[in-house]
There are 2 protein chains.
Amino acid sequence: MQTKRPRLTDVAQLAGVSSATVSLVINQRVTGNVRIPAETQQRVLDAAAQLGYVADPVAQSLAKGRNGLIGVFTFEAIFPVTQRDFYYPFLLGIEHAAETLGYDLLLYTSTSVGDGRRRIYRDGRNRLRLADGAILLGTESSKEEIQALVEEAYPFVFIGRREVPGSEISYTAADYASATVELIDRLATAGHRRIAYIGAENVTESLLDRRRGYKQGLAANALPLDARLICLCSGQKDERIALQTLLALGVTAAVVETGPIAYTLLHTCRECGIQIPADLSLGLLGDPFGDMDGTLNFSGFSIPREEMGAQAVYLLAEGLDAKTSDQPRQIALHCTPVTGSTIAPPRVHP
Amino acid sequence: MQTKRPRLTDVAQLAGVSSATVSLVINQRVTGNVRIPAETQQRVLDAAAQLGYVADPVAQSLAKGRNGLIGVFTFEAIFPVTQRDFYYPFLLGIEHAAETLGYDLLLYTSTSVGDGRRRIYRDGRNRLRLADGAILLGTESSKEEIQALVEEAYPFVFIGRREVPGSEISYTAADYASATVELIDRLATAGHRRIAYIGAENVTESLLDRRRGYKQGLAANALPLDARLICLCSGQKDERIALQTLLALGVTAAVVETGPIAYTLLHTCRECGIQIPADLSLGLLGDPFGDMDGTLNFSGFSIPREEMGAQAVYLLAEGLDAKTSDQPRQIALHCTPVTGSTIAPPRVHP
DNA sequence: CTTGCTTGATAATGCGCTTTATCAAGATTT
DNA sequence: AAATCTTGATAAAGCGCATTATCAAGCAAG
């Protein structure tokens, strides 16, 4: 039982050479200017083997200047109970890519501020700096911190589109706009002419993309844009009224912004006796889910979350490896259409 | 726009002090022999904030042997698709505890060996050493690596009981033995006298605990131990026969080792026309799950996974803080009984 | 016998931070 | 006025390893 691990110098001493020689031999850096004959090398290797020498990774990374860590920062808890299904696929992709590239992942867990929200800066210090670069994930409460990151040129990649006024940042995002256009196409192809948009009141980049896609999709199918068909409501109470109004306006189909909205909408429809998809076709602008009783599966598209996570890591690594600080890059990933049971041709008017 | 992260010396220069002063102030080591007036300290803190300084964990750990990181090592991928529901609660607890204690989490992702299995030692080097200590999780393929960890005195805590011949290690485990005893109690109280044990062929610590609990439970209820009632089978094909044999031996209840086994058992019973729980009461020695058609919920106990994760972190942190290398500790956590619908009094014989 | 090249290997420096002994200057006591 | 104490801070020595310029010795060529 040896009380302390052998150091580089221990090996050097045993082999009767300098520590530099040991380092060079062990790391196979014996090229060009440096020449060590085979027998000396063997002597070093034997000594290392005899002592069971293992280089200290900490000292190594200090000497090499990089620590091989990629940080993962989420604005909510990384393993949240409620967001579970949301974050998980991203992490899956991140982990896989990190593994492929030989990076380790650093999860920032010491940054909580008490109210559950997490902050990048604590006491004015950027905690992300622990790692070579970081992946950012989740809904930020303000753009200030991101702005600050940009200013101090810390390498990071966002998952999900983010726009920061005055500066460009790297991100990997789902191509919501195209996917929405495609969904409108499907509805139009089915024969729908008046397609409503039902969304939340929030304004985030990804929601804006969907709304943009909606307008593009209408235009692409030569359908007129009617502002009355765009319904950004959050209150449950007037939902029934809003729904009736839409139907009265001749709406036969609607795209719904998010899962939760679709969920409550579904219930409202049931209460009002509106048949899906007979009376109203629905397209979900996001990952479809089935109804509780298994009779209904949403039509929509699936968001390539795992891919987004992986690409974010690749993007970050690319930036880290680049000698010159290169331009930020954005990657839009294609969403896969999902055929469900909520789209049907419109009922022929009597 | 500064291209590289600020160093200790940058802060020192800006504050007009030495780097030693900065280090002392930032780490709150201003005690005893060292005196720095409040205003100077403030100056240092301001400078650090202005530059966004964060100590390099690598340099820190090289210099003082600690870096505030807790490693999380799993022998399978950390975010595995299939094991998802299994690992997740542990991570939840780990994250929460780490957050409470102010540690960051380091996920080892670069240690894969190609066959999907992960190894602690790569090229003979202990990758864990990057963090102060580590939480180990999952099913190890061999005890060699653990043994090696013990020998080099690296601090770690296993989640799940592990025994390593010749040395004692720290772990947090579910108290399977007690929970099993309690489940046997429930069956005995319901009137069962001949209770079978249905398990796998594997031999892991936690399975051994259940088998031990089974015997203890029988003894506690003054029931005889009949070796024929212990059925450690893995083959599906003879399951029906085994089941019939058990029933022929007068068995009216059984405890089942794991979920997957219970799942197939359930199907076998259906095929054979055995009613659960009328013909046979079942107790699951683990987290119960419902049947697909919602008609049946297993009786069993729930494993405090989140708590296990959290306690592991606390245990590890305790060991790290201890000046003297203290003894390994083991924590057994209580499992909560779950009342399902698979236990009923035995059918009264005609 | 110089000069110049090759071989074999190392001294020295740095990575960024921690830590302790030490010290100068002013304040206080004798 | 000399001795002592206190205050405020730092110089310097690592931690374990990587890297590069440099150097001594041997040898061939001029």
Side-chain angles (χ1 to χ4, degrees), chain A residues 4-13 15-45 47-48 51-69 125 129-132, chain B residues 2 4-45 47-48 51-69 123-126 129-130 132 152 323:
Chain A
K4 52 182 174 182
R5 349 182 339 159
R7 308 300 177 198
L8 202 55
T9 52
D10 298 325
V11 179
Q13 208 163 10
V17 294
S18 74
S19 66
T21 304
V22 178
S23 174
L24 292 171
V25 169
I26 293 203
N27 296 311
Q28 294 165 310
R29 286 269 134 57
V30 192
T31 52
N33 203 10
V34 172
R35 291 160 292 258
I36 317 255
E39 42 186 332
T40 306
Q41 293 199 33
Q42 194 53 53
R43 198 149 33 89
V44 169
L45 292 176
L51 294 178
Y53 171 75
V54 167
D56 183 340
V58 174
Q60 271 186 314
S61 58
L62 178 59
K64 289 203 270 232
R66 292 247 308 254
N67 57 20
L69 297 183
R125 307 192 209 165
R129 283 203 182 285
L130 284 176
D132 288 339
Chain B
Q2 22 194 357
K4 52 183 176 182
R5 7 182 327 182
R7 309 299 177 198
L8 199 57
T9 52
D10 299 325
V11 179
Q13 208 163 10
L14 181 60
V17 295
S18 73
S19 64
T21 304
V22 178
S23 173
L24 292 170
V25 169
I26 292 199
N27 297 309
Q28 293 166 310
R29 285 274 133 60
V30 192
T31 51
N33 202 10
V34 172
R35 292 161 290 259
I36 318 259
E39 41 187 333
T40 305
Q41 294 200 34
Q42 193 55 52
R43 198 147 34 88
V44 169
L45 292 176
L51 294 178
Y53 172 78
V54 164
D56 182 340
V58 174
Q60 268 185 312
S61 79
L62 181 58
K64 66 176 171 185
R66 291 275 295 266
N67 57 15
L69 298 183
D123 303 333
R125 309 180 190 185
N126 173 6
R129 266 189 53 89
L130 208 49
D132 289 340
E152 61 172 290
K323 309 289 176 282

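In what follows, chains are A, B, ... by sequence order, proteins preceding strands, each numbered from 1.
Heavy-atom minimum distance, B:G52 versus A:R129: O-NE, 3.4 Å. B:P57 and B:N67 make their closest contact through O-CB, 3.6 Å (heavy atoms, listed as atom of the first residue, atom of the second, distance). Heavy atoms only, all atoms of each residue included: B:S61 and A:V58 are closest at OG-CG1, 2.9 Å. Here the shortest heavy-atom pairing between A:D132 and A:G68 reads OD2-N, 3.0 Å. Listed here is the closest heavy atom pair of A:D10 and A:R7: OD2-N, 2.7 Å.
Taking the screw axis at each terminus of the helix from C:dC1-D:dG30 to C:dT30-D:dA1 from five consecutive base pairs, the angle between the two is 80° to within rounding of 10 degrees.
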Per-nucleotide protein contact string for nucleotides 8-18 of chain C (B base, S sugar-phosphate only, - none; heavy atom under 4.0 Å): BBBB--BBBBB

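Within the 4.5 Å cutoff, the side chain of A:R43 has no heavy atoms near those of the A:Q41 side chain.
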Please tabulate, one pair per line, all N/O donor-acceptor pairs under 3.5 Å involving side-chain atoms of residues 14-31 of chain B, not counting sequence neighbours.
residue	atom	partner	partner atom	Å
B:S18	OG	B:A20	N	3.4
B:S18	OG	B:T21	N	3.3
B:S18	OG	B:T21	OG1	3.0
B:S23	OG	B:N27	ND2	3.4
B:N27	ND2	B:S23	O	2.9

